[in-house]
S.K.: 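Take this structure, written in structure tokens, and hold onto it; I'll ask about it next.
In this text, all values refer to a predicted model and were calculated from it rather than measured experimentally.
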Amino acid sequence: MRISQKIEYACRALAQLAKRRASGQLTRLDEIAQTEVVSANFLVQILADLRHAGLVVSHRGKDGGYELARDAKQIRLAEIVESIDPGMFDFIMSQEGQSGATVAKAWLTVAEKMRAELNQITLEDMALDPGAAMFYI
């Protein structure tokens, strides 16, 4: 399975915000970009999408930055994916031919199961230190 770079970077940026949430301080864009080795220009676009989806809050000014809009355990991976790629779970497939409907049903089942699994993983899970979390599918 191939996940877009934009979705990957969104997850990594949100994981950084989750890790820093306890400090109560805002996180600057350049801090996230440097820590996660992500282009700041690309990250601005990603954080704008996350802000529009209500996952992050941005504050302007000298002491401005970003923070999570709500607790990391309340943010699901499915929400993150949908905020970056709203059409990822849209299922459109031809049902033509003798096997079209059966094949389409199989892929719809896969898409539904994937969405269900993504709803089981929280941002808090992704923000844990490497090796601390185990995901079972």
Side-chain angles (χ1 to χ4, degrees):
M1 188 165 115
R2 186 171 290 193
I3 301 299
S4 75
Q5 191 174 51
K6 194 171 182 181
I7 291 173
E8 176 193 349
Y9 288 178
C11 291
R12 289 168 49 190
L14 287 169
Q16 276 304 312
L17 293 176
K19 289 176 185 181
R20 296 168 185 232
R21 185 174 173 100
S23 74
Q25 296 181 338
L26 299 176
T27 304
R28 293 187 351 249
L29 173 82
D30 60 329
E31 292 175 310
I32 300 170
Q34 185 176 22
T35 304
E36 290 300 327
V37 191
V38 175
S39 161
N41 291 335
F42 193 27
L43 195 53
V44 167
Q45 297 168 22
I46 293 167
L47 288 168
D49 289 343
L50 295 172
R51 186 174 46 82
H52 291 300
L55 298 178
V56 300
V57 177
S58 64
H59 301 273
R60 293 182 173 203
K62 185 181 125 207
D63 295 324
Y66 294 87
E67 65 181 333
L68 294 179
R70 57 187 196 269
D71 195 75
K73 65 179 117 185
Q74 297 174 337
I75 298 174
R76 305 279 171 190
L77 182 53
E79 286 181 89
I80 299 167
V81 169
E82 289 172 344
S83 70
I84 298 299
D85 186 357
M88 185 167 179
F89 296 118
D90 291 348
F91 185 76
I92 301 169
M93 190 172 186
S94 170
Q95 296 191 20
E96 295 177 358
Q98 192 174 33
S99 301
T102 309
V103 170
K105 184 179 177 186
W107 282 108
L108 180 60
T109 300
V110 169
E112 289 171 351
K113 287 184 179 189
M114 181 176 168
R115 181 189 297 247
E117 288 299 325
L118 293 177
N119 270 313
Q120 296 300 311
I121 300 170
T122 67
L123 177 56
E124 182 180 59
D125 296 330
M126 292 189 294
L128 294 172
D129 289 329
M134 293 295 287
F135 300 107
Y136 298 97
I137 296 176

S.K.: Evaluate the criterion side chain to side chain contact (heavy atoms under 4.5 Å, CB included) for residue pair Asp49 and Ser83; output intermediate values, then yes/no.
M.R.: CA-CA 6 Å; Asp49 289 343; Ser83 70; 5.6 Å; no
S.K.: Just how far is it from atom CG of Asp125 to atom CD1 of Ile75, taken to the nearest 0.5 Å?
M.R.: 12.0 Å
S.K.: Between Arg12 and Glu8, is there a side-chain N and carboxylate O pair less than 4.0 Å apart?
M.R.: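 The answer is yes: the pair qualifies as a salt bridge.
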S.K.: Using 0.5 Å steps for rounding, measure from the OG1 atom of Thr122 to the CD atom of Gln74.
M.R.: 10.0 Å
S.K.: Check Ala18 against Leu68 and note the closest heavy-atom contact, atom names and distance.
M.R.: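 Closest heavy-atom pair between Ala18 and Leu68: CA-CD1, 3.7 Å.
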S.K.: So, taking the atom named CG in Leu55 and the one named CG in Leu50, what distance separates them when rounded to the nearest 0.5 Å?
M.R.: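 Leu55 CG to Leu50 CG: 5.5 Å, rounded to 0.5 Å.
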S.K.: Measure across Arg51 and Ser58 and return the closest heavy-atom pair with its distance rounded to 0.1 Å.
M.R.: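 For Arg51 and Ser58, the tightest heavy-atom pair comes out as CD-OG, 3.1 Å.
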S.K.: Mind listing the closest non-hydrogen atom pair of Ile84 and Ala10 along with its distance?
M.R.: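 Closest pair (atom of Ile84, atom of Ala10, distance): CG1-CB, 3.6 Å.
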S.K.: Applying side chain to side chain contact (heavy atoms under 4.5 Å, CB included), run through Met126 and Ile121 and close with a yes or a no.
M.R.: CA-CA 8 Å; Met126 292 189 294; Ile121 300 170; 4.1 Å; yes
S.K.: Could you check if a side-chain atom of Ile32 sits within less than 4.5 angstrom of a side-chain atom of Val38, using non-hydrogen atoms only?
M.R.: no
S.K.: Can you give me the closest heavy-atom contact between Leu43 and Ala33, atom names plus distance?
M.R.: CD2-N, 3.6 Å
S.K.: Once rounded to the nearest 0.5 Å, what's the spacing between atom CG of Leu123 and atom CG of Leu128?
M.R.: 9.5 Å
S.K.: For a side chain to side chain contact (heavy atoms under 4.5 Å, CB included) with Met88, tell me which candidate from Met114, Glu82, Arg115 qualifies.
M.R.: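 Option passing the side chain to side chain contact (heavy atoms under 4.5 Å, CB included) with Met88: Met114.
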S.K.: Quick check for you: to the nearest 0.5 Å, what is the distance between Asn41 atom CG and Ile46 atom CD1?
M.R.: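 Reported value, rounded in 0.5 Å steps: 11.0 Å.
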S.K.: How long is the gap from CG on Asp71 to CD on Glu124, to the nearest 0.5 Å?
M.R.: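 Separation between the atoms: 6.5 Å.
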S.K.: Hey, which of Leu14, Val57, Leu47 is the one that makes side chain to side chain contact (heavy atoms under 4.5 Å, CB included) with Tyr66?
M.R.: Leu47
S.K.: Can you hop from Val56 to Leu26 via hydrophobic side chains spaced under 4.5 Å?
M.R.: no
S.K.: Please report the shortest heavy-atom distance between Gln120 and Arg76, naming the atom on each side.
M.R.: O-NH1, 3.8 Å
S.K.: Within a radius of less than 6.0 Å around NZ of Lys105, do more than 12 heavy atoms belonging to other residues, nucleotides or ligands occur?
M.R.: no
S.K.: Can you name the one residue among Gln25, His59, Arg21 that meets side-chain hydrogen bond (donor to acceptor under 3.5 Å, both in side chains) with Glu67?
M.R.: His59
